[in-house]
Amino acid sequence: MIKTRLASILKYTFLFAVALISIFPLLWMFISATNTSGDVLGGRLLPGTNLVANYQALIARAEVGQALWNSFRNAIVATIASLAVCSIAGYGFEVYHDRGKDFLMRVLLLSMMIPFAAIMIPLFMMVGRLNLLSTTTAFVLPTLATAFLIFLFRQSARYFPKDIIESSRLDGLSELGIFLRMYIPVMRSTYATAGIITFMAAWNNYLWPLIIMQNAESRTMPLLLSNLVAGYVTDYGLLMLAISISVLPTVIIFLLLQRSFAEGIVVSVK
Amino acid sequence: MVVKARSNLRLETRQSVIGWAFVIPAALLIFVFYFYPIARALVLSFQTGIGANMQFAGLANYRRLLSDNVFKTSLVNVLTFLALQVPVMLTLALALAYMLHDKRLRFRAFFRTAIFLPCATSLVSYSLIFRSMFSLDGFVNALLINLDLITQPINWLANPWTAKIVIVLALTWRWTGYNMIFYLAALQNIDSSIFEAAVIDGAGALSRFFRIAVPMLKPIILLTAIISTNGTLQLFDETYNITNGGPANATISISQYIYRLSFQYSPRFSYAAAISFVVFVLVAVLAMIQMKVGDER
Amino acid sequence: MKKSLLKVLLCVLVLSLLTSSVALANQEVTVWAWDPAFNLYAMEEAAKIYHEINPDVTINIVETPWDDIQTRLTTAVMAGQTGTLPDIMLIQDNALMKNVIDFPNVFADLTDSGVDFDQFAGFKVGLTSVEGRNYAVPFDNGAAINALRTDVLAEAGYELEDFRDITWSEYITMGKEVLAKTGKPLHSIVAESPDLIMAGLQSAGTWMFDENGDVFIAQNDVLKEVIEVYVELVKSGVMVQVNDWEQYITSFNRGTVAGTINGCWIIGSIVLPEEQKGLWGVTNMPRLERSPNATNYSNQGGSSWTVRADSANKDVAIDFLKHTFAGSVALYETILPSSGALATYLPAGDSPTYAVPHDFFGGQAIYAEITEYASKVPQVKYGVYNYEARDAIGVAIAQVLAGRDIDSALMEAEETVRFLMEF
């Protein structure tokens with residue numbers, strides 16, 4: 001009895017400690033958004049009264065609304081498109097697996113392994129020649145399909161009970177129908193995880209938008225943030241506020257989706 | 001009999017074709033937007049010159065790598081990070097996921113969110129915090145002195161070994177939650193009756209973890225292992241922002257060196273391409289080994 | 001016959017008038033630069049001035065960090081897409097030679113464009129020219145200053161004047177006194193940043209490359225002296241090393257150090273804390289002793305305006321710069337008071353605005369003084385491999401501070417730079 005009690009106390013202590021260490025920098029960031037620049041640099045841990053002033057200075061300084069919208073639109077389109085294309089591919093690689101597809105999967109995995117800086121310029125040339133500079137299409141297209149996502153869906157498909165597929169076929173469902181009606185609902189946790197990961201990556205993408213977004217109107221949040229640190233004098237309160245705003249969408253989407261990957265449906269076929 | 005065999009064959013072929021139809025769009029996109037640029041980069045790596053003046057030079061760039069001390073240092077650095085950080089992080093993520101999978105645990109949503117948040121925190125802000133926490137009069141030194149573990153403050157970022165430790169800590173802090181949610185999602189797909197049966201059989205928590213959870217999670221563990229290996233060998237953000245490769249190149253990563261060669265120094269894109277290919281081959285070899293060991297149905 | 005010829009001539013005349021005004025109407029010149037308080041503000045004021053001269057031209061200013069300008073520039077040139085670049089780009093002087101030489105025909109040759117380069121401080125013109133041709137209009141002044149807390153000095157029994165025209169040994173000696181009597185180091189520096197070393201080199205008229213562009217590190221006696229000074233500064237505690245830029249700024253904002261040595265643009269950060277008003281003073285930086293051409297003047301940072309060579313608006317852009325940054329004293333008078341943006345345009349230095357006393361610095365007329373410093377900065381050429389050498393020196397400093405002897409550290413630095421230059 002005492003042993004399990006002790007184990008339980010240790011477990012909760014450990015988890016609280018880990019949670020606190022994880023969350024502290026983010027908390028500090030939110031608190032700093034309410035302080036003056038001098039206080040932030042001085043390491044102040046308490047909230048201050050400078051939030052409104054920081055906010056006013058921020059919107060006077062940069063087009064935050066526009067950057068937020070650009071980032072959001074790019075990230076949502078990228079996420080939905082990527083999930084659609086990659087999940088069906090991952091499903092295909094696993095459910096219809098054969099030597100050919102297994103080999104192709106390994107080849108596709110290789111595409112992740114080259115640093116982006118090496119392929120950046122050929123990609124830029126392609127986009128330029130297709131006249132797609134500064135468009136959402138150009139932003140989304142290169143990362144629409146990633147070996148990472150396909151691999152994630154393939155590995156996850158291994159948990160998808162094959163009996164469902166068989167019984168669905170007997171029920172007369174088409175292959176596409178099985179994917180849409182059976183696979184997607186059951187693999188909700190994988191979709192939620194993939195969704196949050198892809199959204200975050202698209203939101204935080206810096207280098208690619210930098211070189212293909214040619215005008216100020218198409219600027220995304222990460223680019224806006226880097227302007228804030230690029231001056232000779234940086235206002236750290238303002239900066240922390242901008243960063244806090246930039247981080248919120250990802251956090252909100254995580255909060256919305258987290259139930260899905262923690263409380264998914266477990267299907268057992270009798 | 002023959003009719004049935006033929007219709008079976010047609011069914012299998014139809015399914016195989018449909019399978020390929022599912023797979024081709026994504027594969028095509030990857031060939032166009034990854035492999036084509038990769039091929040061009042490969043061609044570039046066989047040339048030399050500065051800026052836009054290029055001439056063919058065979059394996060000159062690759063031979064040059066053998067005598068490049070900064071490259072060698074950066075390679076040792078990322079391999080060190082790989083060895084020190086990835087196994088610890090994945091194990092921690094796995095343990096946390098298993099703990100948070102327990103439906104009876106209280107505050108699960110809070111823990112889950114808190115542990116995930118580091119990877120959503122902006123790079124600019126958390127590198128600022130890490131640099132400030134590990135400064136001479138920073139939080140970490142104050143804590144260690146208070147706990148009587150050290151007497152003099154450690155100059156974390158000025159010493160090659162402690163600087164590496166700071167990077168390892170930063171990487172672990174940032175990516176453990178990220179890997180944890182993959183494991184959490186996968187655990188949802190494992191029938192809980194398996195665990196319940198094990199409890200009835202008298203298996204303890206640790207035993208359930210190692211004998212059931214880990215083997216069943218093999219496909220996802222393989223995924224995170226490959227992703228983490230790839231991520232560590234291509235590391236850029238942390239070494240650029242927290243230590244800037246210092247002190248004296250003690251923490252410089254390969255990607256950071258590539259960035260310097262491409263954008264800060266006189267542009268050496270062909271040499272940078274050659275280095276990118278070495279990284280490519282290295283990650284590919286490690287990934288193939290991992291696949292060989294862990295990819296089974 | 002004559003009537004129809006007349007009609008044709010008339011048509012041609014009307015048409016040419018129409019097309020020429022169409023060509024002038026609504027031309028847009030795009031500019032990329034960073035920092036709204038300084039560079040962008042100066043551009044906006046320049047745009048206002050030029051609007052009076054040529055109302056059909058709009059100046060479109062896009063805020064872009066320096067690193068991003070470099071990334072976009074490199075990518076665009078390598079991908080053959082220079083059309084994506086703006087008409088005017090602000091370029092760091094440290095990177096100017098590298099970009100002009102590595103990307104031929106991207107930057108317009110401004111030598112015969114009508115811009116009078118004699119009106120600019122000699123060292124800036126030197127930095128913005130390659131093989132005798134000018135490629136940029138000099139702008140931001142980076143003349144090195146030694147800014148000090150006069151109240152802390154007084155506490156140790158010193159005055160600002162004691163620090164004028166001194167040598168590094170004198171600086172260290174006085175610094176030790178200040179440290180002993182007040183507990184404050186004289187200044188701080190970001191660890192491994194080669195900036196102070198660079199300033200020291202330029203103050204003696206030398207650099208890490210010689211006139212032919214060859215590496216000049218291991219045999220460079222000036223460099224050796226500078227590094228010895230650096231080590232002595234750290235060992236004596238007169239200079240304290242911090243981990244990053246934020247901690248550097250905090251150190252003098254919070255008063256944990258008694259001053260700083262940097263380019264004059266650091267003034268923007270010095271004047272942040274209200275409570276330090278009136279407690280600062282500015283003088284020139286210390287000089288080296290063993291080096292034959294040692295001076296008390298140097299440069300740190302600074303940037304200049306370049307024009308894209310294949311831009312459709314090239315002539316307008318050059319005209320714009322000629323009438324503003326290269327010709328308007330009024331511009332420099334306007335931007336000085338609110339931004340502290342100091343020019344390298346010498347006529348502006350004669351303006352009464354520049355002689356106004358500055359409250360924060362105890363009524364010292366710092367702007368006039370700094371413009372005078374700028375005129376005395378030795379000319380050097382940073383070279384194409386500037387960044388490679390800077391990084392190598394940064395590594396060398398760390399090694400020397402950890403105990404390695406200077407000669408072998410510099411030998412390794414030279415080898416690293418040679419390696420990078422070799423292909």
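Throughout, protein chains are lettered first and strands after them, A, B, ... in sequence-line order, and every chain is numbered starting at 1.
- Looking at B:L233, neither its backbone nor its side chain comes within 4.5 Å of chain A, counting heavy atoms on both sides.
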side-chain contact (heavy atoms from CB on, under 4.5 Å) between A:L104 and A:F93: does it pass, once the steps are laid out? CA-CA 9 Å; A:L104 181 59; A:F93 273 114; 3.8 Å; yes

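- At a 4.5 Å heavy-atom cutoff, the contact between B:D102 and chain A is made by side-chain atoms alone.
- For the set A:L152, A:V251, A:L144, A:L239, the entry with the most heavy-atom pairs within less than 4.5 Å of chain B is A:L152.
- Using modelled atom types, one side-chain atom of A:S244 and one backbone atom of A:M240 make a donor-acceptor pair closer than 3.5 Å.
- Looking at A:S226, there are no atoms closer than 4.5 Å to chain B (heavy atoms on both sides), in backbone or side chain.
- Of the two parts of B:I38, the backbone and the side chain both hold a non-hydrogen atom closer than 4.5 Å to a non-hydrogen atom of chain A.
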Stepwise side-chain contact (heavy atoms from CB on, under 4.5 Å) check, A:T190 with B:N189: CA-CA 9 Å; A:T190 312; B:N189 290 316; 4.0 Å; yes

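- When the candidates A:L20, A:L141, A:I21 are compared by the number of heavy-atom contacts under 4.5 Å with chain B, A:L141 comes out ahead.
- Side-chain atoms of B:D137 and B:S135 include a donor-acceptor pair closer than 3.5 Å.
- For the set B:L123, B:I226, B:L105, B:I258, the entry with the most heavy-atom pairs within less than 4.5 Å of chain A is B:L105.
- Heavy-atom pairs under 4.5 Å with chain A peak, among B:W20, B:F263, B:Y178, at B:W20.
- For the options B:I220, B:V279, B:I227, B:T224, heavy-atom pairs under 4.5 Å to chain A are most numerous at B:I227.
- Side-chain contact, B:Q188 with A:Y159: no donor N or O sits under 3.5 Å from an acceptor N or O.
- When heavy atoms are compared at a cutoff of 4.5 Å, B:R106 approaches chain A by way of both its backbone and its side chain.
- With chain A as partner, the option from B:N230, B:V281, B:L100, B:L29 having the largest number of non-hydrogen pairs under 4.5 angstrom is B:N230.
- Counting heavy-atom pairs closer than 4.5 Å to chain A, the top residue among B:A97, B:A284, B:A273 is B:A284.
- Contacts between B:M216 and chain A at a heavy-atom distance below 4.5 Å involve the backbone alone (N, CA, C, O).
- Residue B:I275: no heavy atom, backbone or side chain, is found under 4.5 Å from chain A.
- Put simply, the side chain of A:N204 never gets that close to the backbone of B:S122: no donor and acceptor are under 3.5 Å apart.
- For A:F16, the parts lying under 4.5 angstrom from a heavy atom of chain B are both the backbone and the side chain.
- Residues B:A114 and A:S22 share a closest heavy-atom pair of O-CB, 3.2 Å.
- B:S127 places a side-chain N or O within 3.5 Å of a backbone atom of B:V124 that can act as its donor or acceptor partner.
- For A:M112, the parts lying under 4.5 angstrom from a heavy atom of chain B are both the backbone and the side chain.
- When each of A:P25, A:S246, A:S174, A:A118 is scored by its heavy-atom pairs under 4.5 Å with chain B, the top score falls to A:P25.
- Residue contact with chain A, scored on non-hydrogen atoms closer than 4.5 Å, is absent for B:S132.
- Note on ring orientation: taking the six-membered ring where Trp is involved, the planes of A:F199 and A:W203 are parallel (angle under 30°, cut-offs 30° and 60°).
- With a threshold of 4.5 angstrom between heavy atoms, B:Q234 approaches chain A through side-chain atoms but not through N, CA, C or O.
- For a residue to count as touching a neighbouring chain, one of its non-hydrogen atoms must lie under 4.5 Å from one of that chain's; by this rule B:Y36 touches chain A with the side chain only.
- Only the side chain of B:F110 comes within contact range of chain A, judged by heavy atoms closer than 4.5 Å.
- At a 4.5 Å heavy-atom cutoff, the contact between B:L92 and chain A is made by side-chain atoms alone.
- Between A:W208 and A:F116, the two ring planes are perpendicular [angle over 60°; tilted spans 30° to 60°].
- Using a 4.5 Å cut-off between heavy atoms, B:L96 contacts chain A through its side chain alone, with no backbone atom that close.
- Classification of the B:Y240-B:Y259 ring pair by plane angle, with boundaries at 30° and 60°, yields perpendicular.
- No other option in A:K101, A:M105, A:M125 has as many heavy-atom pairs under 4.5 Å with chain B as A:K101.
- Using a 4.5 Å cut-off between heavy atoms, A:L176 touches chain B through backbone and side chain atoms alike.
- The candidate from A:P122, A:P115, A:G92 with the greatest count of non-hydrogen atom pairs under 4.5 Å with chain B is A:P115.
- For the residue pair A:Y236 / A:S32, no side-chain donor-acceptor distance below 3.5 Å is found, with atom types taken as modelled.
- Here B:A120 is the residue among B:A21, B:A41, B:A120 with the most heavy-atom pairs under 4.5 Å with chain A.
- The contact between A:L255 and chain B is made entirely by side chain atoms (from C-beta outward), counting heavy-atom distances below 4.5 Å.
- Using bins of under 30°, 30° to 60° and over 60° for the plane-to-plane angle, the ring pair B:F195/B:Y98 lands in the tilted bin.
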Audit row: B:W175, B:S228, side-chain contact (heavy atoms from CB on, under 4.5 Å) steps and yes/no: CA-CA 9 Å; B:W175 296 110; B:S228 301; over 6 Å; no

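- No hydrogens or angles considered: a donor-acceptor pair under 3.5 Å links the side chains of B:E238 and B:Y126.
- A:Y91 and A:F179 have tilted rings, their planes meeting at an angle from 30° to 60° on a 0 to 90° scale.
- Both the backbone and the side chain of A:I114 come within contact range of chain B, each with at least one heavy atom under 4.5 Å from a heavy atom of that chain.
- For B:V32, the parts sitting under 4.5 Å from any heavy atom of chain A are the backbone and the side chain alike.
- Listed options A:V85, A:L108, A:V107, A:V95 were ranked by heavy-atom pairs under 4.5 angstrom with chain B; first place goes to A:L108.
- For A:L15, the parts lying near chain B are the backbone and the side chain together; criterion is any non-hydrogen pair under 4.5 Å.
- In this structure, the portion of B:F31 lying under 4.5 Å from any heavy atom of chain A is its side chain and not its backbone.
- For A:T146, the parts lying under 4.5 angstrom from a heavy atom of chain B are both the backbone and the side chain.
- What you find for A:F153 and A:G90 is that their closest heavy atoms are CB-CA, 4.0 Å.
- Centroid-to-centroid, the aromatic rings of A:F151 and A:F148 stay 6.0 Å apart or farther.
- Within the structure, the salt bridge (Lys or Arg N to Asp or Glu O under 4.0 Å) test picks out the following pairs touching residues 144-156 of chain A (sequence neighbours left out): A:D102-A:R154, A:R154-B:D295.
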